[in-house]
Colleague: 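Let me begin by handing over the structure; questions about it come next.
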Amino acid sequence: MTVERIFDELGHFKRFQACLYFAAAFQAIACGIHYLASVFLVETPNFVCSGPGNITDVLWGNTTVSSLEDVIPFFKPGSSPLVVRTAEGDQWELSRCRSAQRINPEGFTYNFDGNKTTKACTGGFIFDHTEVYQNIVTDWDLVCDREWLAKLCQPSFMLGVLIGALVFGDIADRVGRVKILMFTSLCQFALGVLVAFCGNYYLFVSIRFLLAMVSSGYLVVVFVYVTEFTGNKVRTWTSMHVHAAFAVGIMVVALTGYLVRVWWIYQIILSICTSPFLLFCWKFPETPFYLLAKGRYEETQTLLDSMARFNGLECRLKAEELMELEKSNNGAALMDSEAENHTAQPEKKLSILDLFGSWRMAGRTCTVWAIWFVGSLGYYVFSLGSVNLGGNQYINLFLAGVVELPSYMIGCFAMDRIGRKKTCAPALLLAGVACMLIIAVPADIQALTVALNMIGKFAIAIAFGLIYLYSCELYPTIIRSLAVGSGSMMCRVGSVVAPFCVYLADVWIYLPQLIVGILAFIIGILTLLLPETLGKPLTNTLEEAESLGRETKRNKHPEDGVELKSQHVIG
């Protein structure tokens, strides 16, 4: 594509692009923060029914203490109840959601065979504050018959992410990438702080839903933005390492959660982490691809001159000539005619249906959507599993972010050496195999189970990371944001399903891994049918995008290339 000459002339990743890239990626940290913040916001610590009256003695097995707070850190779900005695002499058996008063007890012993009066907890709960001092579960008693409200927080957030991905991806193709980046960044900061001042659960969920929409909107559009501002020599690395910024956000959540145990302070600190971005995001320019696609040549020329000046080069490119050569290279007299009549005819409005404009594009879109779905599903299933591996939960979450960093490095290396398709497919197959092996590992070999879980997370992160760039390269400029947005929508469907998939462990402990493993293996095979985009320029029209793959085969006969391409366009 002729527009790619911009990077050949002005640099694929020189000072101008580097400044924009690192600023845009820095704000992507906020997306990782808000996506994973609920890990500690809705964590349920150990708890027990609050005993009636003034408790003087507590029995639990062979342990005798004078306060419930002393034994709660060791009180586990499903364990025997605590026995307490009040100053009035009453004895109660306390569990998580029930309390039973002993009738006419003799002595103060743990075992009791007499009559009891059992009832649900009505006097509140006592929580273990060892790891979580205060969060929404402890503030609003989201346990027992209200536990489902806490479990609904993450799926409802991901539902907002799903809607935001589709809405903002479409709007970015209509009004521009920069306006969406600025709007979503400002809203992320404002809504993130506002969450900390929510006085009840329903307001909390509502504000978090809006926060999810704008966070998703930023993450979708920023991938398109950095893709359209960097040349194909570095596009793999720049696109993939936006995910590294997201992983840094996960590590920030773990570190902040460890240092701050009060949820509203924790939320404010997380929200202001990336606030410096707001000071200069309004200076971001629109991408040259978008400006040329919309026929805004004067703005394009100003941008090219600024890029050249900032990179210490001389700009010899003319915006109008770029598009004229583009039309000429496409062999499109018809396109010339349409350009002349552009002012007389309204611009064609593209929709999600254009992703299914032909059988070839429909099959491509379905496969790409499936990769998005299983990538997200596996990512969150493995992530939630890593957090619950035992030990220090803050270290576990921190490591869950750290393990992603080498996956992106290796993924980038492989994508530029063997191609997008040959990296994505084996990664999905490896994730599927890891899931199957987890099922086969004996329960007493926990170290091997943890290692396989990390291998699965490592592999799925590669596929999950490269699909953003792969989607950008598989679709033309006019629907690129829509394609990435709709793919991200399917990704969020996977993230909405993931928490419920994890709950299936109550049916069979390995059922979540079995589901992810089967899906990853099947979709890994289907990925082999997609066209390779390594070294190919970004496409501008639907015809160019559809010719990917076919064009490679035809180019095996260079002498017939022009004729065969013309036949393809006509056919």
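Please read all numbers here as calculations on a predicted model, not as lab measurements.
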Colleague: For Tyr21 and Phe13, I'd like to know if the aromatic rings sit close, meaning centre-to-centre distance below 6.0 Å.
Modeller: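 Centroid separation for Tyr21 and Phe13: below 6.0 Å.
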
Colleague: Is there a donor-acceptor pair under 3.5 Å between the side chain of Asn311 and the backbone N or O of Phe16?
Modeller: yes

Colleague: Is it true that Tyr35 and Phe246 have ring centroids separated by less than 6.0 Å?
Modeller: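 Ring centroids of Tyr35 and Phe246 are less than 6.0 Å from each other.
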
Colleague: When rounded to the nearest 0.5 angstrom, what distance separates OG1 in Thr274 from CD in Gln188?
Modeller: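 The distance works out to 6.5 Å.
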
Colleague: Does Asp139 reach the side chain of Gln134, with side-chain heavy atoms less than 4.5 Å apart?
Modeller: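 A side-chain contact exists here, since the closest heavy-atom pair is under 4.5 Å.
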
Colleague: Which residue is it: Val143, Val48, Val132, Asn46? I am looking for the one with a side chain to side chain contact (heavy atoms under 4.5 Å, CB included) to Phe127.
Modeller: Val143

Colleague: May I ask you to check whether His241 and Phe22 place their ring centres under 6.0 Å from each other?
Modeller: no

Colleague: Is a side-chain N or O of Ser38 found less than 3.5 angstrom from the main chain of Leu41, in a donor-acceptor match?
Modeller: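 Between the backbone of Leu41 and the side chain of Ser38 there is no qualifying donor-acceptor contact (under 3.5 Å).
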
Colleague: Before giving the answer on side-chain contact (heavy atoms from CB on, under 4.5 Å), spell out for Met415 and Ile462 the whole-Å C-alpha distance, their side-chain angles and the decisive distance to 0.1 Å.
Modeller: CA-CA 10 Å; Met415 288 168 67; Ile462 292 177; over 6 Å; no

Colleague: What I'd like to find out is whether the side chain of Leu511 reaches to under 4.5 Å of the side chain of Leu514, using heavy atoms alone.
Modeller: yes

Colleague: Can you tell me how far apart CG (Leu162) and SG (Cys491) are? Round to the nearest 0.5 Å.
Modeller: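 Answer rounded to 0.5 Å: 9.0 Å.
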
Colleague: May I ask you to test the Cys424-Lys421 pair for a side-chain heavy-atom distance under 4.5 Å?
Modeller: no

Colleague: State which residues pass disulfide bond (SG atoms under 2.5 Å apart) with Cys97; sequence neighbours excluded, sorted by chain then number.
Modeller: Cys144

Colleague: Pick one: which of Leu429, Val374, Ile518 meets side chain to side chain contact (heavy atoms under 4.5 Å, CB included) with Ile523?
Modeller: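 Output: one option passes, namely Val374.
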
Colleague: Do Arg261 and Tyr258 meet the cation-pi criteria used here (NZ or CZ under 6.0 Å from the six-membered ring centre, within 45° of the axis)?
Modeller: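 Yes, a cation-pi geometry holds between Arg261 and Tyr258.
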
Colleague: For the pair Tyr218 (side chain) and Ala24 (backbone), establish whether a donor and an acceptor sit closer than 3.5 Å, ignoring hydrogens and angles.
Modeller: yes

Colleague: Within the 4.5 Å heavy-atom criterion, are Pro285 and Leu20 side-chain neighbours or not?
Modeller: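 Yes, side chains in contact.
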
Colleague: For Ala190, check side chain to side chain contact (heavy atoms under 4.5 Å, CB included) against everything at least two apart and list the hits.
Modeller: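 For Ala190 there are no side chain to side chain contact (heavy atoms under 4.5 Å, CB included) partners, ignoring immediate neighbours.
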
Colleague: Kindly compute the distance separating CG (Leu210) from CG (Leu191), expressed to the nearest 0.5 Å.
Modeller: 6.0 Å

Colleague: Start with the C-alpha gap between Met251 and Leu405, add the side-chain angles, then the distance that decides, and say whether side-chain contact (heavy atoms from CB on, under 4.5 Å) holds.
Modeller: CA-CA 11 Å; Met251 292 184 275; Leu405 301 182; 4.0 Å; yes

Colleague: Going by the angle between their ring planes, with limits at 30° and 60°, are Trp140 and Trp263 parallel, tilted or perpendicular?
Modeller: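 Ring orientation, 0 to 90° scale: perpendicular.
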
Colleague: Distance from Ser185 atom OG to Leu278 atom CG, nearest 0.5 Å?
Modeller: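 Here the rounded value is 6.5 Å.
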
Colleague: State, to 0.1 Å, how close Glu473 and Thr533 come at their nearest heavy-atom pair, and which atoms those are.
Modeller: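 Result for this residue pair: OE1-OG1, 2.5 Å.
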
Colleague: From Arg420 CZ over to Lys422 NZ, what is the distance, rounded to the nearest 0.5 angstrom?
Modeller: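 Separation between the atoms: 13.0 Å.
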
Colleague: Examine Lys14 relative to Phe310 and say whether NZ or CZ is less than 6.0 Å from the centre of the six-membered ring and inside a 45° cone about the ring axis.
Modeller: no

Colleague: With side-chain contact (heavy atoms from CB on, under 4.5 Å) as the test, would you mind laying out the steps for Glu404 and Met409 before giving the verdict?
Modeller: CA-CA 9 Å; Glu404 294 184 45; Met409 296 291 292; over 6 Å; no

Colleague: Can you name the closest pair of heavy atoms from Val137 and Ala150 and give their distance?
Modeller: CG2-CB, 4.2 Å

Colleague: Could you check whether any side-chain N or O of Ser156 sits under 3.5 Å from a backbone N or O of Leu152, counting only pairs where one atom can act as donor and the other as acceptor?
Modeller: yes

Colleague: Indicate yes or no: at least one non-hydrogen side-chain atom of Phe204 is less than 4.5 angstrom from one of Cys153.
Modeller: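 Contact flag for Phe204/Cys153 side chains = yes.
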
Colleague: Got a sec: does the CH2 of Trp264 have more than 12 other heavy atoms crowding it under 6.0 Å?
Modeller: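 No.
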
Colleague: For residues Cys273 and Ile29, determine if any side-chain heavy atom of one lies less than 4.5 Å from a side-chain heavy atom of the other.
Modeller: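 The answer is no; the side chains never approach within 4.5 Å.
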
Colleague: For residues Phe521 and Leu428, determine if any side-chain heavy atom of one lies less than 4.5 Å from a side-chain heavy atom of the other.
Modeller: no

Colleague: Are any non-hydrogen side-chain atoms of Ile272 and Gln267 less than 4.5 angstrom apart?
Modeller: no

Colleague: Please check this pair: side chain of Ser215 against backbone of Ala212, looking for a donor-acceptor N/O pair closer than 3.5 Å.
Modeller: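 Not at all, since once roles are kept as given, no pair shorter than 3.5 Å links the two residues.
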
Colleague: Can you name the nearest heavy-atom pair linking Leu181 to Thr184, along with the distance?
Modeller: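 Taking every non-hydrogen atom into account, O-OG1, 3.3 Å.
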
Colleague: Of all heavy-atom pairs between Tyr133 and Thr138, which one has the smallest distance, and what is that distance?
Modeller: O-OG1, 4.4 Å

Colleague: Looking at Ala400, is its backbone amide N or carbonyl O close enough to the side chain of Lys457 to form a donor-acceptor pair, meaning the two atoms are under 3.5 Å apart?
Modeller: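 Pair found, side chain donor or acceptor close to backbone of Ala400.
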
Colleague: Using modelled atom types and a 3.5 Å cut-off, is there a donor and acceptor pairing between side-chain atoms of Ser216 and backbone atoms of Gly164?
Modeller: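 Checked: no pair found.
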
Colleague: Any chance you could measure Leu377, atom CG, to Phe500, atom CZ, to the nearest 0.5 Å?
Modeller: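 One gets 12.5 Å once the value is rounded to the nearest 0.5 Å.
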
Colleague: For Val178, what residues pass the side chain to side chain contact (heavy atoms under 4.5 Å, CB included) criterion, not counting sequence neighbours?
Modeller: Met182, Tyr225, Phe284, Glu286

Colleague: For Phe183, is the CZ atom crowded, meaning more than 12 foreign heavy atoms sit under 6.0 Å from it?
Modeller: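 Atom CZ in Phe183 is not packed in, count stays at 12 or less.
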
Colleague: How close do Gly517 and Cys435 get, heavy atom to heavy atom, and via which atoms?
Modeller: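 Nearest pair, atom of Gly517 first, then Cys435: CA-CB, 3.6 Å.
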
Colleague: Apply the test side chain to side chain donor-acceptor pair (under 3.5 Å) to residues Trp372 and Ser471: give CA-CA distance (whole Å), side-chain angles for both, the deciding distance (0.1 Å), then the verdict.
Modeller: CA-CA 10 Å; Trp372 281 94; Ser471 296; 3.0 Å; yes

Colleague: Are the side chain of Tyr290 and the backbone N or O of Arg174 linked by a donor-acceptor pair below 3.5 Å?
Modeller: yes

Colleague: Any chance you could lay out the ring-ring contact (aromatic ring centres under 6.0 Å, His included) test for Tyr394 and Phe40, step after step, and finish with the verdict?
Modeller: CA-CA 9 Å; Tyr394 302 102; Phe40 301 127; 4.7 Å; yes

Colleague: Does the pair Phe47 and His129 meet the rule for a ring-ring contact (aromatic ring centres under 6.0 Å, His included), with working shown?
Modeller: CA-CA 9 Å; Phe47 68 94; His129 298 295; over 10 Å; no

Colleague: Counting distance only, does the side-chain N/O of Thr527 pair as donor-acceptor with the main-chain N or O of Ala425 below 3.5 Å?
Modeller: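 Checked: no pair found.
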
Colleague: Look only at the side chain of Asn135 and the backbone of Glu43, and say whether a donor-acceptor pair between them is shorter than 3.5 Å.
Modeller: yes

Colleague: Pair Phe168, Val220 - check side-chain contact (heavy atoms from CB on, under 4.5 Å), show working.
Modeller: CA-CA 8 Å; Phe168 287 106; Val220 167; over 6 Å; no

Colleague: Using ring centroids (six-membered ring only for Trp), state whether Phe277 and Phe26 fall under 6.0 Å.
Modeller: no

Colleague: What is the minimum heavy-atom distance between Arg208 and Gln154, and which atoms define it?
Modeller: NH2-OE1, 4.2 Å

